[in-house]
Participant: 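Just passing along the structure, written as structure tokens.
Ligands are counted one by one from 1 in listed order, and the atoms in each one are counted from 1 as well. All values below come from the heavy atoms of this structure, side chains included, with hydrogens, waters and symmetry mates left out. Residue numbers count from 1 along this sequence.
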Amino acid sequence: MAELHLYSYQSCPFARRTRMTLIEKGLDFALTEIDVRNKPDNFNAISPYGKVPVLLHNGERIYESAIINQYLDEVFPQPPLMPADPFHKAQARIWMDYCDSRFSDASWRYIRATGDVEKLPQALAELEDCFRFVETGMRECGPGPYWLGDSISLVDIQFMPFFQTYAQEPGFELIPDDCTRLRAWVAFMRDRDSYMRTAALAA
Ligand SMILES: N[C@@H](CCC(=O)N[C@@H](CS)C(=O)NCC(=O)O)C(=O)O
């Protein structure tokens, strides 16, 4: 059995995070592609929530992308993808939580509203509020070029797939011009090898 085995779906931004983390760590892994719209009968035996990603490490199961990625960072510490000191680590976790509790929802709502003239203005306004919140927070983190500073972290990996969800880019063109730190970050991260090698496919 391969030491690391990832159940993934090419278009899933959550699974993409884990593929990016594995690439950033230089780890070899076996990959099983799951079509989440047509899951194999036994998939719930592998994934308790019925979702990807799921990682098997020496046969032990870990699920939920943010938890998998922090696990990988602890078990394979080089290069580190979380700050070492507790306060900065807490800040990183707050951003990761913001991504999943607010930003990703606003991003999905925008994607679902495209083409719906009634829902689109509200969805766009919500997404813009998120961009502005992020811009303020990123500026407090410093000039970058990464989210937290001068090296990549799980915060970059947590957010970046939401700028190319289901092969759409519900982000970059919509980021207000004055959100300069966020715009520069997306432009910079788009060239990252782990991002380019995990490009989303149209669902
Ligand atoms: N909170 C989960 C979300 C994972 C998720 O929603 N994955 C989707 C694909 S993008 C999935 O597997 N959906 C299948 C389903 O809900 O039945 C994580 O971060 O890992």
Participant: Taking only heavy atoms of Cys12 into account, list the atoms of ligand 1 that are under 4.0 Å away from them.
Facilitator: 7 (N), 9 (C), 10 (S)
Participant: Counting only heavy atoms, tell me which of Ile68, Asp100, Val52, Asp35 gets closest to atom 12 (O) of ligand 1.
Facilitator: Val52
Participant: Specify whether Phe103 and Phe162 have parallel, tilted or perpendicular ring planes, treating 30° as the upper limit for parallel and 60° as the lower limit for perpendicular.
Facilitator: perpendicular
Participant: Hey, which atoms in ligand 1 end up nearer than 4.0 Å to a heavy atom of Gly50?
Facilitator: 14 (C), 15 (C), 17 (O)
Participant: Side chains of residues 26-34: which donor-acceptor pairs under 3.5 Å do they make with residues two or more places apart or in other chains?
Facilitator:
from, atom 1, to, atom 2, distance (Å)
Thr32, OG1, His5, NE2, 2.6
Glu33, OE2, Gln10, N, 2.5

Participant: Report the member of Gln158, Glu64, Lys39 with the shortest heavy-atom distance to atom 2 (C) of ligand 1.
Facilitator: Glu64
Participant: May I ask you to list the atoms of ligand 1 that are less than 4.0 angstrom from any heavy atom of Pro53?
Facilitator: 20 (O)
Participant: Between Asp97 and Arg102 (salt bridge meaning N to carboxylate O under 4.0 Å), is one present in this structure?
Facilitator: no
Participant: Would you call the rings of His57 and Phe76 parallel, tilted or perpendicular, taking 30° and 60° as the class edges?
Facilitator: tilted
Participant: Would you check whether Tyr9 has a nitrogen or oxygen atom less than 3.5 angstrom from a nitrogen or oxygen atom of ligand 1?
Facilitator: no
Participant: Tabulate below the donor-acceptor pairs under 3.5 Å that side-chain atoms of residues 81-90 make, not counting sequence neighbours, or state none.
Facilitator:
from, atom 1, to, atom 2, distance (Å)
Asp85, OD1, His88, ND1, 2.6
Asp85, OD2, Phe87, N, 3.3
Asp85, OD2, His88, N, 3.2
Asp85, OD2, His88, ND1, 3.1

